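Scroll down for the structure; my scribbles are underneath it.
Every value quoted in this text rests on a predicted model; they were computed, and no experiment measured them.
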Amino acid sequence: MLGVKSLARIAIATVLHLTVALFSVQNARAEGAAILVNLDNRVEVSAGKGAFAPANAGQALNIGDRLKTAEDSRATVRMADGSVLQLDELTTIEIKPPNSAGAGPTINIPGGAAFFSNGGGGREVGIETPSANGAIRGTAFVMKVNRYDGRTSVSMMDGVFDLSNIGGLVTANKGEQAEIARGALPTKDGLDDSGSSAPWYLVVENRLHTLHSLRDADRSDFFNAFPTVTKQWRFVSPQLAGSATFKKREWSKEILESAFRAVGPDCPLLKRILRSIVEADPSRASELTELAIRLYPKCAEEFQNAASGGGKSGGSGGGAPVSQNSGPFNPGSVAGGGSGQGNVVAICHNGRTIFLSPEDALRQLQNNPGDTLGACQVTPVTNR
């Protein structure tokens, strides 16, 4: 039998072991910089510089970890301070140490797109891309980083974003869009009404009951989320409506009606919403205009001209209809609106139509030999 002294030593060793174990668990939790809240389709995580492996919802992300989404995939990441990142497909992020004392971790985005929201209570967060550094002192924005050349654009929904590189610094405020390329001077402008000017669809996806791309969203889920988001972010309702229509053209009339009812009788804003939706679905321009007039006949005169012209938010809105050319690719010939932020090209990729800027479309065709210029064509099926 063990003596009293031996039992005492065992008890002390057990307590010490449990104490060390509890300290290790608490320390690991303290190091957790973020949590992968939700994911859809294929999402992978790499611990530090290790190999990527399938991720799981609820998984902790620590300093040095990387996360990436595959094609047709989504991820929602919540930072330790409550900030939320809604990640688009083909997006990679790396959690890096804070740039300054008291700040949150820095988020490195080599390529992809994201919607950021911190609800107004988060710490300052640093952003790094191949062409820029940023400091977020805001609550909501959408961001796109070109994975080929690092060109970065930030569209501010609320708050302030300082975007800088060796060329200088620009501060984007609510209602402004900043853009920066490697070695070039950063620039900013008012938001373009076009739904294709930024990844606005991510704002709507963030409110869906189940995390999905809008392409795969359930109709009931979408039309529960969309009016709520439109009311919350009323001043970017043209962008939200146009972006949703680009993803779900078959719902364009329902999207218009939902957006109109959420916004209410504001003829100038309704005109901009109509124009943005028509840009996304030009084949239904007449039907959409007729529907708009039926919903708000007092705005009929403005709606009649909604499908022409271009401009920024606060002005006349989006641009001309999207080009569906199937001939030789000429980036300079693609239709668009405003300062060119709304210019998009239709590409048939893996059986579905995607819309890219002229520069991205050219690289997409060069790097994906199976892709073709123009919208995917549906092959009719004949019953025999």
Do [X] and [Y] touch side chain to side chain, with heavy atoms closer than 4.5 Å?
X    : Y    : answer
R207 : Q232 : yes
I35  : Q59  : no
L256 : L295 : yes
K68  : F52  : yes
L90  : R147 : yes
P265 : Y296 : yes
F116 : V84  : no

Main chain of [Y], side chain of [X]: is a donor-acceptor contact present, judged purely on distance under 3.5 Å?
X    : Y    : result
T210 : L208 : no
S194 : D192 : no
T106 : P97  : yes
R234 : V263 : yes
E128 : N108 : no
R182 : D149 : yes
S243 : S196 : no
S276 : P238 : yes
N165 : A184 : yes
T289 : A285 : yes

Could you measure the distance from the [atom1] atom of [X] to the [atom2] atom of [Y]? Nearest 0.5 Å is fine.
X    : Y    : atom1 : atom2 : result
N224 : R219 : CG    : CZ    : 12.5 Å
L67  : L87  : CG    : CG    : 6.5 Å
N173 : K188 : CG    : NZ    : 5.0 Å
I273 : L288 : CD1   : CG    : 12.5 Å
E302 : L269 : CD    : CG    : 10.5 Å
E89  : D40  : CD    : CG    : 10.5 Å

Taking V170 as the fixed residue, which of D162, L163, V154 is the one that meets the side chain to side chain contact (heavy atoms under 4.5 Å, CB included) rule?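 Of the listed options, the one satisfying the test is L163.
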Of all heavy-atom pairs between [X] and [Y], which one has the smallest distance, and what is that distance?
X    : Y    : value
A241 : F226 : CA-CZ, 3.8 Å
A217 : F222 : CB-CB, 4.5 Å
R249 : D281 : O-OD2, 3.6 Å
N56  : L39  : C-CD2, 3.8 Å
A292 : L274 : CB-CD2, 4.0 Å
A75  : T69  : CB-CG2, 3.8 Å

More than 12 foreign heavy atoms under 6.0 Å from CD of E301: is that the case here?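 12 or below, so no.
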Can you confirm whether more than 12 heavy atoms, excluding those of R42, are under 6.0 Å from its CZ atom?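 Counting neighbours around CZ of R42, 12 or fewer heavy atoms of other residues, nucleotides or ligands fall under 6.0 Å, so no.
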Can you find a side-chain donor-acceptor pair between [X] and [Y] that sits under 3.5 Å?
X    : Y    : value
S237 : T230 : no
T76  : N38  : no
T187 : D189 : no
T139 : D158 : yes
S155 : Q177 : yes

Given side chain to side chain contact (heavy atoms under 4.5 Å, CB included), test E205 with S213 step by step and report yes or no. CA-CA 7 Å; E205 291 176 1; S213 160; 4.0 Å; yes
Counting the benzene-type ring for Trp, do [X] and [Y] have ring centres under 6.0 Å apart?
X    : Y    : value
F260 : F303 : yes
F161 : F141 : yes
W251 : F223 : yes

Quick one: do D72 and R215 satisfy salt bridge (Lys or Arg N to Asp or Glu O under 4.0 Å)? Show the steps, please. CA-CA 9 Å; D72 283 330; R215 286 190 298 267; 2.5 Å; yes
Could you walk me through whether Q364 and D371 pass side chain to side chain donor-acceptor pair (under 3.5 Å), step by step? CA-CA 8 Å; Q364 180 77 15; D371 290 3; 2.9 Å; yes
Check for me, please, whether [X] and [Y] land in the same ILVMFWY cluster - side-chain distances under 4.5 Å, paths through other members count.
X    : Y    : answer
L211 : L214 : no
V204 : F235 : yes
I95  : V37  : no
V229 : V142 : yes
I63  : M79  : yes

Run M157 and K174 through side chain to side chain contact (heavy atoms under 4.5 Å, CB included) and show every step you take. CA-CA 5 Å; M157 300 168 67; K174 176 180 177 179; over 6 Å; no
Quick one, S46 with R66, criterion side chain to side chain donor-acceptor pair (under 3.5 Å). Give me CA distance, side-chain angles, the key distance, then yes/no. CA-CA 5 Å; S46 164; R66 293 173 294 159; 2.9 Å; yes
Starting from the C-alpha separation in whole Å, work towards a yes-or-no answer on salt bridge (Lys or Arg N to Asp or Glu O under 4.0 Å) for R261 and E257. CA-CA 6 Å; R261 297 196 185 285; E257 184 168 358; 3.0 Å; yes
Check against salt bridge (Lys or Arg N to Asp or Glu O under 4.0 Å), E254 and K248: CA-CA 10 Å; E254 293 95 325; K248 300 293 287 189; over 6 Å; no
Please evaluate residues I347 and T372 with respect to the criterion side chain to side chain contact (heavy atoms under 4.5 Å, CB included), reporting the C-alpha separation (whole Å), side-chain torsions for both, the decisive distance (0.1 Å), and the verdict. CA-CA 6 Å; I347 298 290; T372 57; over 6 Å; no
Residue that, paired with R74, satisfies side-chain hydrogen bond (donor to acceptor under 3.5 Å, both in side chains) out of N41, D88, T91: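 Passing option: D88.
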Go through the steps to decide whether I107 and E94 satisfy the test side chain to side chain contact (heavy atoms under 4.5 Å, CB included), and finish with yes or no. CA-CA 6 Å; I107 304 168; E94 178 183 2; over 6 Å; no
